[in-house]
2 protein chains.
Amino acid sequence: MLDQNFRGRHTLSIDSKGRVSVPAPFREILAERYGENRLMLATVFDRCLRAYPTEEWAKIEEHASGLSSTDKNVKFYYRHFISSAVELEFDKQGRILIPASHREWAEINGGQVLFLGITDKIEIWDKAAYASKMATLDPSSVEDSINEMGGKI
Amino acid sequence: MLDQNFRGRHTLSIDSKGRVSVPAPFREILAERYGENRLMLATVFDRCLRAYPTEEWAKIEEHASGLSSTDKNVKFYYRHFISSAVELEFDKQGRILIPASHREWAEINGGQVLFLGITDKIEIWDKAAYASKMATLDPSSVEDSINEMGGKI
DNA sequence: CCACCTTTCCCCACCTTTCCCCACGTACAA
DNA sequence: TTGTACGTGGGGAAAGGTGGGGAAAGGTGG
């Protein structure tokens, strides 16, 4: 499966209609591993978007349905995350149209968009927002902390 | 295995298309020890690139998947490091094409590139950037610190 | 219910990057 | 010199990404 994970960082531009090309290697994985030409797009708390193969999203919904639906954190989670998922198909050029509300949440106002391949999902960021978010943490203390937890670099 | 470790410092030039030859001894190790003609290339926090045999990279991903995915340091690590990995194959002349985003990160703007063989991985630096980075550290305090940690020189 | 405006979808066309060749120069050894 | 290994450079085809026009769909207000 090593060859079938989402991986790599791609910068693409979004046009005035809200369309972005999904990087070709990601489309290829969706087609070959999952047999699909679509993905589920959801809003994530830290002001970015996540795209999942429908199969992976199904697992998330399944887990979600087991949670206590009266807990206030769970309600928040349902309302913000679970309810945000939209199914998007690629057009003939391999693009998706990101809904306006999703663009707004992730502060995507045209310009450059970043696709991050993270094993079984894809994160989508406004490039500038990503840069400023990442600048809030100190890389060397992150390295130390990862090292303590047993991660490798 | 002593003869099968990456070792040595090689200066090579990158062309206008972003291609660099991978030093022949490194290619040989990849072929003979790992049976491959490709490598995984990732961006490292200190503004350089690291190349791993796919086998070594697989270990990194495996360790990474065990970390708590809601921790803010872990998210940073996923977003910056894990997601940056790209699989690159050698062309017929033994070169790789370094993706534009990776070149940008490592401040490689054409000119000279440095390959450092470090046991089971390879670091790739812009030659000028490497020189100025190394100049910021005081060699004798580095030696002391290594000595305290039990390293040998 | 109709007219209008906006958003979405589908098409085509262009440009840049990537990929796959082949060729040349240099260094080292026979 | 001749052969071989290695690094460098460039041309041309293919793929990937970008932009825009125009029809269809959907929503809004009179």
Side-chain angles (χ1 to χ4, degrees), chain A residues 3 6-32 37-41 49 51 86-105 108-117 122 124-127, chain B residues 6-32 37-41 49 51 85-105 108-117 122 124-127:
Chain A
D3 298 331
F6 296 113
R7 200 177 283 127
R9 199 187 293 131
H10 304 261
T11 300
L12 294 168
S13 53
I14 190 164
D15 67 20
S16 55
K17 296 178 180 180
R19 296 176 301 182
V20 227
S21 293
V22 174
F26 294 172
R27 289 198 317 259
E28 203 174 319
I29 291 170
L30 283 164
E32 299 195 355
N37 64 335
R38 57 177 179 168
L39 39 75
M40 301 297 295
L41 189 71
L49 307 175
V86 195
E87 179 189 318
L88 301 176
E89 285 196 7
F90 306 140
D91 70 13
K92 219 174 188 172
Q93 284 74 249
R95 292 177 290 196
I96 50 173
L97 175 70
I98 300 181
S101 61
H102 287 64
R103 269 179 274 157
E104 200 180 319
W105 174 258
I108 296 171
N109 313 304
Q112 303 286 72
V113 171
L114 214 52
F115 283 75
L116 310 180
I122 299 166
I124 303 174
W125 289 78
D126 175 82
K127 195 171 187 180
Chain B
F6 297 113
R7 198 176 289 125
R9 202 185 290 132
H10 305 261
T11 300
L12 294 167
S13 53
I14 190 164
D15 69 19
S16 56
K17 295 180 179 177
R19 295 177 300 184
V20 227
S21 293
V22 174
F26 293 171
R27 289 199 317 260
E28 200 174 324
I29 291 170
L30 283 164
E32 299 196 355
N37 64 335
R38 57 179 179 167
L39 39 75
M40 301 296 296
L41 189 71
L49 307 176
V86 193
E87 179 189 318
L88 300 176
E89 286 195 7
F90 306 140
D91 69 13
K92 222 174 187 173
Q93 285 72 248
R95 292 176 291 195
I96 50 172
L97 175 71
I98 301 182
S101 60
H102 287 64
R103 271 179 274 156
E104 198 182 318
W105 175 258
I108 296 171
N109 313 305
Q112 302 287 73
V113 172
L114 211 53
F115 283 75
L116 309 179
I122 300 165
I124 302 175
W125 289 79
D126 176 82
K127 194 169 189 180

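Protein chains get the first letters and strands the later ones, always in sequence-line order, with residue 1 at the start of each. Worth knowing before you read on, the calculation uses all heavy atoms, side chains too, and leaves out hydrogens, waters and symmetry mates.
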Spacing between L88(A) atom CG and dT7(C) atom P, to the nearest angstrom: 17 Å
Heavy-atom closest contact (H102(A) atom, L49(A) atom, distance): O-CD2, 3.6 Å
K17(B) side-chain proximity, nearest of dC19(C), dC10(C), dT18(D): dC19(C)
For dC22(C), the Watson-Crick or wobble partner whose two distances fall under 3.5 Å: dG9(D)
CA sep, side-chain torsions, deciding dist, call: E104(B), T11(A), side-chain contact (heavy atoms from CB on, under 4.5 Å): CA-CA 12 Å; E104(B) 198 182 318; T11(A) 300; over 6 Å; no
Residue matched to dG30(D) through Watson-Crick or wobble contacts both under 3.5 angstrom: dC1(C)
Donor-acceptor pair (no angle test) under 3.5 Å: Q93(B) side chain, dC22(C) base: yes
dC11(C) OP1/OP2 closer than 4.0 Å to side-chain N/O of R19(A): no
Check: R7(A) side chain, E87(B) main-chain N or O, donor-acceptor pair, under 3.5 Å: no
Position toward the 5' end of DNA chain C (nearest nucleotide), R103(B) or I98(A): I98(A)
Complementary nucleotide for dA24(D) - Watson-Crick or wobble, under 3.5 Å: dT7(C)
Residue whose nearest DNA chain C nucleotide is more 5′ - D91(B) or A100(A): A100(A)
Distance in angstrom units between E28(B) CD and dG7(D) P, rounded: 11 Å
Under-3.5 Å donor-acceptor pair between R95(A) side chain and dG16(D) base: no
Upstream residue (5' side of DNA chain D) when S13(B) and T11(A) are each assigned their closest nucleotide: S13(B)
Shortest side-chain distance from D15(A), nucleotide among dC19(C), dG19(D), dG17(D): dG19(D)
Interatomic distance, F90(A) CZ vs dC9(C) P [rounded to whole Å]: 14 Å
Greater than 12 external heavy atoms within 6.0 Å of Q93(A)'s CD: yes
Side chain proximity check, L41(B) to I124(B), heavy atoms < 4.5 angstrom: yes
Check: K92(A) side chain, dG16(D) base, donor-acceptor under 3.5 Å: no
Rounded distance (Å) that lies between atom P of dT6(C) and atom CG of L97(A): 17 Å
